[in-house]
S.K.: 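After the structure tokens below, expect a handful of questions from me.
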Amino acid sequence: MRPFSTLARSLVAAPFVVTGIENLRNPGPRADQVGPTMKPIVDRLDWLPTKDPESLVRLQGALSLGAGALLTLGRFKRLSTLVLAAQMVPVLLTEHHYWTEDDPERRADQRSQLLKSASLFGALLLMATEPRKHPRVQALRRQAHDTRVKAGAEARHLRRQAASEIKHSRKEAALQVREARREAAQKARKAVRR
């Protein structure tokens, strides 16, 4: 299972790594594309170090490249997938508005791009929510749990059996005591008669 998850991580991270490298090398086209949409949002955020679209695209590219590389290597998987998923939210909300396109061919292309982005977002969410523990660790935990359950059942059975034996022993002891008293009473009667 491990080779498949490594391959899946690499395939999911590949678009982010490639896009990150492209945005670091040449941020101009991307800045021109998202600049008009980004400008009103960026103007409201005072804590941003820069408001220049090209610098923000470079920053996003570096973040995408770093998180994609970490995901490919399998380091900080949950954090890197959440960072990449957070980067996908603005893309899903602002890009690929196929319903505004008049050209049927362009509309089909935009719809296809939107569905690809949505499926990539879904893959990231699946990866972010996968169990943290390795399957072998989970198997060992399950085995330990089953052993505890079996030991508890055996202990209950042994307690019941011991309680039953104690009850039986008490009855046996009571019978022996009665028998001993009867014999003692008979001996006492015989002794009185003599």
Side-chain angles (χ1 to χ4, degrees), residues 1-139 141:
M1 190 68 181
R2 202 157 174 83
F4 290 119
S5 61
T6 302
L7 178 64
R9 277 197 322 267
S10 301
L11 291 173
V12 169
F16 294 102
V17 171
V18 171
T19 304
I21 291 170
E22 288 174 358
N23 288 342
L24 284 172
R25 285 185 180 166
N26 187 14
R30 178 83 174 144
D32 292 341
Q33 181 186 5
V34 297
T37 309
M38 196 177 1
K39 180 116 175 82
I41 299 169
V42 170
D43 289 341
R44 292 182 191 154
L45 303 175
D46 296 331
W47 52 268
L48 283 175
T50 180
K51 297 194 187 263
D52 177 38
E54 285 194 13
S55 299
L56 290 173
V57 167
R58 276 198 173 109
L59 180 66
Q60 186 268 338
L63 190 63
S64 182
L65 176 63
L70 285 173
L71 181 61
T72 301
L73 296 173
R75 303 286 181 217
F76 305 107
K77 289 186 286 189
R78 192 162 298 218
L79 177 65
S80 59
T81 54
L82 289 174
V83 166
L84 294 173
Q87 285 183 349
M88 291 293 299
V89 172
V91 170
L92 288 170
L93 295 175
T94 61
E95 295 181 23
H96 312 303
H97 291 231
Y98 68 90
W99 51 89
T100 60
E101 294 293 332
D102 294 330
D103 182 26
E105 193 172 306
R106 182 133 170 86
R107 175 181 276 197
D109 184 47
Q110 287 295 319
R111 184 176 49 234
S112 174
Q113 291 299 324
L114 178 67
L115 291 174
K116 285 178 186 176
S117 296
S119 64
L120 191 57
F121 182 72
L124 288 169
L125 291 180
L126 278 173
M127 292 177 85
T129 57
E130 73 180 3
R132 289 178 185 233
K133 298 296 179 194
H134 194 272
R136 282 183 251 164
V137 174
Q138 288 178 339
R141 280 189 173 175

S.K.: What distance separates Leu125 CG from Leu120 CG, expressed to the nearest 0.5 Å?
M.R.: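 These two atoms lie 10.0 Å from each other.
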S.K.: Mind listing the closest non-hydrogen atom pair of Ala128 and Leu82 along with its distance?
M.R.: CB-CD2, 3.8 Å
S.K.: Which heavy atom of Ser80 sits nearest to which heavy atom of Ala67, and what is that distance?
M.R.: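 Looking at all heavy atoms of both residues, the shortest contact is CB-O, 3.5 Å.
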S.K.: Could you grab the distance from atom CZ of Arg75 to atom CZ of Arg9, nearest 0.5 Å is fine?
M.R.: 9.5 Å
S.K.: When rounded to the nearest 0.5 angstrom, what is the spacing between CZ in Arg106 and CD in Glu101?
M.R.: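 Separation between the atoms: 4.5 Å.
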S.K.: Is there a side chain to side chain contact (heavy atoms under 4.5 Å, CB included) between Met127 and Leu71 once you walk through the steps?
M.R.: CA-CA 10 Å; Met127 292 177 85; Leu71 181 61; 3.9 Å; yes
S.K.: Would Phe16 and Leu124 count as a side chain to side chain contact (heavy atoms under 4.5 Å, CB included) if you check the C-alpha gap in whole Å, the side-chain angles of each, and the deciding distance to 0.1 Å?
M.R.: CA-CA 11 Å; Phe16 294 102; Leu124 288 169; 3.6 Å; yes
S.K.: Can you measure from CG (Leu70) to CG (Leu65) and round to the nearest 0.5 angstrom?
M.R.: 9.5 Å
S.K.: Begin from the C-alpha positions of Ile21 and Arg25 and carry the test side chain to side chain contact (heavy atoms under 4.5 Å, CB included) through to its verdict.
M.R.: CA-CA 6 Å; Ile21 291 170; Arg25 285 185 180 166; 3.8 Å; yes
S.K.: How long is the straight-line distance from CZ of Phe121 back to CG of Leu126, given to the nearest 0.5 Å?
M.R.: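 Rounded to the nearest 0.5 Å, the CG-CZ separation comes to 11.0 Å.
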S.K.: Ignoring hydrogens and geometry, is there a side-chain-to-backbone donor-acceptor pair from Ser119 to Leu115 under 3.5 Å?
M.R.: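 Yes: the side chain of Ser119 pairs with the backbone of Leu115.
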S.K.: About how many Å separate OG1 of Thr72 and NZ of Lys77, when rounded to the nearest 0.5 Å?
M.R.: 12.5 Å
S.K.: Decide side chain to side chain contact (heavy atoms under 4.5 Å, CB included) for Thr19 and Asn23; before the verdict, give the C-alpha distance in whole Å, the side-chain angles of both, and the deciding distance to 0.1 Å.
M.R.: CA-CA 6 Å; Thr19 304; Asn23 288 342; 3.6 Å; yes
S.K.: So which heavy atom on Gly68 is nearest to which on Ala13, and how close?
M.R.: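 Closest approach of Gly68 to Ala13: O-CB, 3.3 Å.
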